[in-house]
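Residue numbers start from 1 in every chain, and the chains themselves are labelled A, B, ... in the order their sequence lines are given, proteins ahead of strands. Computation of the quantities below employed the complete heavy-atom set of this structure, encompassing side-chain atoms and omitting hydrogens, waters and symmetry-equivalent molecules.
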2 protein chains.
Amino acid sequence: MPPPRERILAAARDLFYRHGVHSVGVETIAEAAQTNKMTLYRHFRSKDDLVAAYARELAAEGDALWITLAANYPDDPCRRLQGWVDHVEEILTNRFERGCAMANAAVELQPGHPARAVIEDYKQRKRENLVRLFSDARYRDPETLADEVFLLFEGARISIQCGGQGPASRVVKMLRDLLDRAPRA
Amino acid sequence: MPPPRERILAAARDLFYRHGVHSVGVETIAEAAQTNKMTLYRHFRSKDDLVAAYARELAAEGDALWITLAANYPDDPCRRLQGWVDHVEEILTNRFERGCAMANAAVELQPGHPARAVIEDYKQRKRENLVRLFSDARYRDPETLADEVFLLFEGARISIQCGGQGPASRVVKMLRDLLDRAPRA
DNA sequence: CCCACTAGGTACCGATCGGTAACAATCCAG
DNA sequence: CTGGATTGTTACCGATCGGTACCTAGTGGG
């Protein structure tokens with residue numbers, strides 16, 4: 001069995017994503033992690049601290065995707081781009097998708113919350129990664145293209161939980177068409 | 001002074017949007033409405049009932065925009081479309097924008113919550129209104145165009161509160177370019 | 001073996017949550 | 001003016017919240 005801290009973070013991650021940060025109490029998390037509240041508070045100073053750790057874990061995992069992508073296709077930006085689109089498709093067709101966990105958390109958290117900075121930094125890095133990807137793939141206007149793709153993706157994720165499987169289900173095809181038709185240098 | 005029910009709904013709307021549904025207690029809402037908890041519970045059976053009324057009000061206001069749009073430009077779908085884009089720009093450049101109130105609420109609410117149905121119905125109507133708008137303006141593929149515009153808009157709104165004013169600030173220009181370049185019949 | 005460190009368990013704290021009972025004040029129609 | 005309906009006030013309920021004190025049970029390294 002993994003050490004308590006990992007179990008707590010895993011449980012928090014599952015519950016926070018499924019039910020929202022404010023709807024889940026620390027006791028519930030501790031029980032789901034097969035431990036208790038005291039052990040939770042030995043590893044996290046407060047619930048807010050746990051939420052921040054939750055955000056950091058999500059951000060680290062998101063960043064890891066880009067490292068994996070670069071490692072898998074070190075000299076082929078177009079394949080790398082294709083790999084990213086495949087990843088997007090994987091997310092958007094997941095039956096349990098409930099939107100971007102970090103965006104959802106940002107909705108619930110007050111502007112001053114420690115997790116907010118983590119989330120905002122991550123979203124900015126994500127956009128930069130997209131710009132670099134389009135730049136490497138020799139698209140003519142990588143900035144605009146990155147913004148467009150970024151917003152389409154974010155919009156699709158938030159729309160899924162608003163019953164809008166309509167627009168979201170077609171976004172992958174839209175993405176591929178967009179990338180096919182966008183002008184390249 | 002407006003009757004209590006209206007004041008309560010107005011206060012709930014302000015507080016729910018600024019701080020989130022779960023972060024605001026009924027007592028706070030009653031005080032902000034310059035009344036008290038008992039009066040609130042005389043007009044709303046429960047907090048969930050108030051949240052559902054909140055969602056219904058947002059939906060009614062969103063629907064009213066389309067009626068206004070149709071009334072202002074009864075015989076000119078292109079001007080109507082232009083009016084809608086102006087409205088989008090107005091929203092996205094608002095300093096107090098914190099995303100779509102209904103999408104934010106959906107993030108916080110469990111799938112079975114009475115407000116969820118209101119929100120999902122509204123989003124579907126919104127998409128249909130967009131399709132009709134593009135169809136009236138004689139675009140070649142109104143469905144795809146509506147999805148694209150819908151997702152760009154939703155993505156921009158959710159991105160604003162993730163510190164991503166980067167992508168969101170350029171979305172209006174992207175929208176106008178997209179509509180200029182999209183093929184028409 | 002032993003001792004320090006970590007985890008588990010329980011009981012508890014004050015605060016706040018959504019929601020209600022009972023009663024006084026107010027207001028408006030007939 | 002009067003009487004019924006609506007509102008205001010206060011106090012309260014049980015439940016749950018985040019967070020802590022205290023003690024016991026392991027457990028691993030010297």
Quick check: on DNA chain C, is the nucleotide nearest B/His22 upstream (toward 5') of the one nearest A/Pro4, or the reverse? Name the residue that is more 5'. A/Pro4
Does a side-chain N or O of A/Thr35 approach OP1 or OP2 of C/dG8 to a distance below 4.0 Å, or not? yes
In whole Å, what is the span from the CD1 atom of A/Ile8 to the P atom of D/dG18? 14 Å
Looking at D/dG8, I'd like to know if its phosphate oxygens (OP1 or OP2) sit under 4.0 Å from a side-chain N or O belonging to B/Thr39. yes
Quick one: on DNA chain D, does B/Gln34 or B/Lys37 contact a more 5' nucleotide (nearest heavy atom)? B/Gln34
Let me know the distance between CD of B/Glu31 and P of D/dG8, rounded to the nearest Å. 13 Å
Look at the side chain of B/Arg42 against the base of D/dG8 and say whether a donor-acceptor pair falls under 3.5 Å; ignore hydrogens and angles. yes
Distance check needed: D/dT6 P versus B/Glu6 CD, whole Å only. 16 Å
What is the distance, to the nearest angstrom, from the OH atom on A/Tyr41 to the P atom on C/dG9? 18 Å
Using a 3.5 Å distance criterion without hydrogens, assess whether the side chain of A/Arg7 forms a donor-acceptor pair with backbone atoms of A/Gln34. yes
State whether the number of non-hydrogen atoms from other residues, nucleotides or ligands found under 6.0 Å of B/Arg125 atom CZ is greater than 12. yes
Mind calculating the distance between CD1 (A/Ile29) and C1' (D/dC17) to the nearest angstrom? 12 Å
Distance, rounded to the nearest Å, where A/Glu27 contributes CD and C/dG9 contributes C1': 11 Å
In this structure, how many angstroms lie between the P atom of C/dT16 and the NZ atom of A/Lys47, rounded? 16 Å
Derivation of the salt bridge (Lys or Arg N to Asp or Glu O under 4.0 Å) call for B/Lys173 and B/Asp177: CA-CA 6 Å; B/Lys173 185 182 182 312; B/Asp177 285 356; 3.0 Å; yes
Could you state the CE-P distance from B/Met38 to C/dA22, rounded to the nearest angstrom? 11 Å
Once you apply a heavy-atom cut-off of 4.0 Å, does B/Arg5 come out as touching a base, just sugar-phosphate, or nothing? nothing
Counting only heavy atoms from other residues, nucleotides and ligands, does the tally under 6.0 Å from CD of B/Glu97 exceed 12? yes
Hey, is CD on A/Glu128 packed in by over 12 heavy atoms from elsewhere, all under 6.0 Å? yes
Does a side-chain N or O of B/Arg7 approach OP1 or OP2 of D/dG8 to a distance below 4.0 Å, or not? yes
For B/His43, which contact category applies under a 4.0 Å heavy-atom criterion: base, sugar-phosphate, or nothing? sugar-phosphate
